[in-house]
Amino acid sequence: MDAKAALEWIDQLIFEHQGKHFNDLEREVFIGSWEGKSYHEIYPLNPSYIEKYVGYKLWQKISQTFGEKVTKKTIRGAVERYQNQDDCVRLSQIPGELLQLSPHSYRVFISHGNTELNINFAQQLEAILIQVGHQVFSAAWEVTRSQINQQETDFLAEIDTELKHCDYFILLLSPQSTLSEMVIEELRQVRELQDTHSHRLPIIISIWVNCPANLPLNHDLRSYLLGTLQRNWTDQQDTTLIIQEILGFLQESIPESPQQNLRLNWDKSELEEHPNLAIESQQISSVFPLSIKPLYSSEIPSPLPVAEPELPSGQVRLESVFYIKRVPHEDQCYHEMTHPGALIRLKAPRQMGKTSLMARILEQGREQGYRTVPLSFQHADKSIFTNLNHLLQWLCSKVTRKLKLAHHVPDYWSDTFGSKDNCTAYFEDYLLSESDTPLVLGLDEVDRVFQYPNIADDFFSLLRAWYEEANYGGGDSELWEKLRLVIVHSTEVYIPLDINQSPFNVGLPIELTEFTATQVNELAHRHGLNWGDIEVETLMRIVGGHPYLVRVALYHLVQYSISLEQFAEIAPTEAGIYGDHLRRHLWNLQQHPELAQAFYQVVCSPQPVELESILAFKLHSLGLVHLQGNEVTPRFELYQNYFGHRLMIKT
């Protein structure tokens, strides 16, 4: 193995174990040490600093991962010993009864990353599950080069089919996968399948592979994993134990009700009430539970004047130096919130900063002395949406708990009146009457309500009635003037809806737009980049002013010291930093062939394309195109270059 190959191998291994790649100096020290150079030869400008600080920390990192003391002189031998370790499951350690043909044959989906640890574990688990009679489909959420070149295989369609028919979904999680849009999308679809299946299939088993105990998770991942079976992998000894436990679990359980007997430490709805709680799901065995911290905890300190780059993942925390004020939307929202009975609607495609802005609106309200309640419909079980009565009781209970008031919902619920009347009375006679202080209620992820037309019309007509009561006068208008509503939803929810079904349309509508060139330049400077107009224009030609994509680009440009030219070359490829983001969109388009065909026309045309208004609107709602009337153009080069090739393959 040459120095470069050894560096890439061990850099990836360190990242899998410790969640961070080598920096440039550490890479120089490793290469030089592998080639037998002295510290003076490696870095003649300051060899003492390199030896005492850079080298010392480098050998400590490697020693922690290898489980033995590693020095500059012993690195070659340590690598050889580590690679020669027996990394296979010792079947002799698994009880014979577990290796016998299983009494039940289940379909098992194994989702994993492309790191060496993930692949090895997945292969060993797959082989043994097949041996005992289960049907196994194993797929990486990252696309490999062979899958890129194997055009005859519709990889995403195969994943879609297997997800719909599996009994168990085993997810191998690593620090990288917690940021993956494909992992989030897989979990979202699995949860939807559980909601439609009478026995809550497929069952989710998540295995955390070398994840640090304080690993930050975004909102969606925490929500989807709460209540699932979980296990923590830290070293090779755990491989045999975990596979043994999974075999025993599959043999003893019938996939009709294995999760019905789980004793969870708290109800799903309590996650919102206790944002600093760890995910403590029922473990497969009596191992120590994994403690996973939420991504944005109140314990996170304020940023230093010069902050480490942040890889964007979900809501931008309030203290982050990388939050860019949304001009003019933010001031509009702050001003509107001071109006009695205000209603603000935030809408945009995913990853445009809606939840981050809602958090700041509520923070502004707190600073003015208002009572504030953030509430996400993502935390509600499907059963909540079975009828309007359940939904409104859930809403009242959640607000009550957030305000730390006594629970009196049953006292206000009467069969004599409808659920809308009951809910209105509860707000009027209890929540709003309890204090003279205005109440700001932030409703996030209301997309979920749109998906249930049997209750959506009534729910939104109720909110509209409250808004009108405050603004158009009446006996209780003074009470309703104290209520301020902030409603957040993704425009991507429009895709499966009837175009004539108009989601909520009162109040102040705020459709978040992309960053301007000035804002992108400001964000670049906050990352320590001394950019001018040319660099900003180059980046925006590729990803526009898309907040998430811009921040991902700047993070990688700084953290891994890649040039804009290198970035432009790899951005629209499967191996690039946006591969996960692009595949999620591709997967979505494949489920709506008419949209895929229309978008293919757009990305292949050098001129604006005129589409049927419904198709143009839905592509715009997905955030894939710019729309002027019915004339449509690709949103930016990233989408044009990627989908021009991939959709051509599919059509």
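All values derive from a computational prediction rather than experimental measurement.
Ring pair H527/F322 is tilted by interplanar angle, where 30° to 60° counts as tilted. A parallel orientation is assigned to the rings of H21 and F15, their planes being inclined by less than 30° (bins at 30° and 60°).
The closest donor-acceptor contact from the side chain of S33 to the backbone of V29 lies under 3.5 Å. For the pair R345 (side chain) and I487 (backbone), a donor-acceptor distance under 3.5 Å is absent. Looking only at distances, a side-chain donor or acceptor of E330 sits under 3.5 Å from a matching main-chain atom of R326. Checked by atom type and distance alone, the side chain of Q559 never pairs as donor or acceptor with a backbone atom of H556 at under 3.5 Å. In terms of modelled atom types and a separation under 3.5 Å, the side chain of T538 and the main chain of I534 share a donor-acceptor contact. Counting only distance, with no hydrogens or angles, the side chain of E367 and the backbone of Q364 share no donor-acceptor pair below 3.5 Å. Between the side chain of R526 and the main chain of Y323, a donor-acceptor pair closer than 3.5 Å is present. Between the side chain of S320 and the backbone N or O of R317 there is no donor-acceptor pair closer than 3.5 Å. In this structure, Q519 contributes its side chain and T516 its backbone to a donor-acceptor pair below 3.5 Å. No donor-acceptor pair under 3.5 Å is formed between the side chain of S177 and the backbone N or O of S180.
For the pair Q378 and Y224, the minimum side-chain heavy-atom distance is below 4.5 Å. No side-chain heavy atom of V506 sits less than 4.5 Å from a side-chain heavy atom of F460. Side-chain contact between Y370 and R484 is present, with heavy atoms from C-beta onward closer than 4.5 Å. The side-chain heavy atoms of N530 and H525, taken from C-beta on, include a pair separated by under 4.5 Å. Counting heavy atoms from C-beta outward, L586 and Y642 have side chains that approach closer than 4.5 Å. Side-chain contact between V327 and F515: absent, with no pair of heavy atoms (C-beta onward) separated by less than 4.5 Å.
Heavy atoms only, all atoms of each residue included: E511 and H329 are closest at O-NE2, 3.7 Å. Taking all atoms of both residues into account, the shortest heavy-atom contact from Q590 to A157 is OE1-N, 3.7 Å. Across A571 and L582, no two heavy atoms sit closer than the pair O-CD1, 4.1 Å. Considering all non-hydrogen atoms of both residues, I577 and A553 come closest at CD1-CA, 4.1 Å. The heavy-atom pair separating L156 from R583 by the smallest distance is CD1-O, 3.8 Å. Looking at every heavy atom in both residues, L171 comes nearest to V183 through CD2-CG1, 3.9 Å.
Using a 4.0 Å cut-off between charged nitrogen and carboxylate oxygen, E26 and K57 do not count as a salt-bridge pair. A salt bridge links R188 with E192; the closest basic N to acidic carboxylate O contact falls under 4.0 Å. For the pair K325 and D331, the salt-bridge criterion is met [side-chain N within less than 4.0 Å of a carboxylate O]. With respect to E637 and R541, a salt bridge is recorded, a charged nitrogen being found less than 4.0 Å from a carboxylate O.
Between the side chains of H581 and E181, at least one donor N or O sits under 3.5 Å from an acceptor N or O. A side-chain donor from one of E186 and S111 sits under 3.5 Å from a side-chain acceptor of the other. A donor atom on one side chain and an acceptor atom on the other are found under 3.5 Å apart for R366 and T372.
More than 12 non-hydrogen atoms from other residues, nucleotides or ligands lie less than 6.0 angstrom from CD of Q566. With a 6.0 Å radius and a threshold of 12 heavy atoms from other residues, nucleotides or ligands, K37 has its NZ atom at or below the threshold. In this structure, D2 places its CG atom where more than 12 heavy-atom neighbours from other residues, nucleotides or ligands lie under 6.0 Å away.
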Quiz item: Is there a side chain to side chain contact (heavy atoms under 4.5 Å, CB included) between S490 and K354 once you walk through the steps?
Solution: CA-CA 8 Å; S490 168; K354 301 181 298 297; 4.3 Å; yes
Practice problem: Test side chain to side chain contact (heavy atoms under 4.5 Å, CB included) on R635 and E514 and set out the steps. | Solution: CA-CA 11 Å; R635 189 168 178 184; E514 297 182 359; 2.5 Å; yes
Quiz item: K4 and E35: salt bridge (Lys or Arg N to Asp or Glu O under 4.0 Å), yes or no, with the steps?
Solution: CA-CA 10 Å; K4 185 175 181 181; E35 294 174 344; over 6 Å; no
Practice problem: In sequence, state the C-alpha distance, the side-chain angles, and the governing distance for T355 and Q315, and then conclude on side chain to side chain contact (heavy atoms under 4.5 Å, CB included). | Solution: CA-CA 6 Å; T355 303; Q315 176 189 325; 3.7 Å; yes
Quiz item: Do I542 and Y639 pass the side chain to side chain contact (heavy atoms under 4.5 Å, CB included) test, and can you show the C-alpha distance, the side-chain angles, and the key distance before you say yes or no?
Solution: CA-CA 9 Å; I542 301 168; Y639 292 163; over 6 Å; no
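Rounding to the nearest 0.5 Å places CG of L357 at 4.0 Å from CD1 of I361. Summarising the geometry, atom CZ belonging to F30 is positioned 9.5 Å from atom CG belonging to D11; distances are rounded to the nearest 0.5 Å. Put simply, CZ on R350 and CE on M352 are 13.5 Å apart, with the number rounded to the nearest 0.5 Å. To the nearest 0.5 angstrom, L619 atom CG is 12.0 Å from I614 atom CD1. Residue F636 holds its CZ atom at 11.5 Å from CG of N641, rounded to the nearest 0.5 Å. In this structure, CG on L375 lies 6.0 Å from CG on L443, to the nearest 0.5 angstrom.
With sequence neighbours excluded, no residue forms a side-chain hydrogen bond (donor to acceptor under 3.5 Å, both in side chains) with Y43. Looking at residues two or more places apart in sequence or on another chain, you find no salt bridge (charged side-chain N to carboxylate O under 4.0 Å, His left out) involving K52.
In summary, the aromatic rings of F643 and F599 are positioned with their centroids under 6.0 Å apart.
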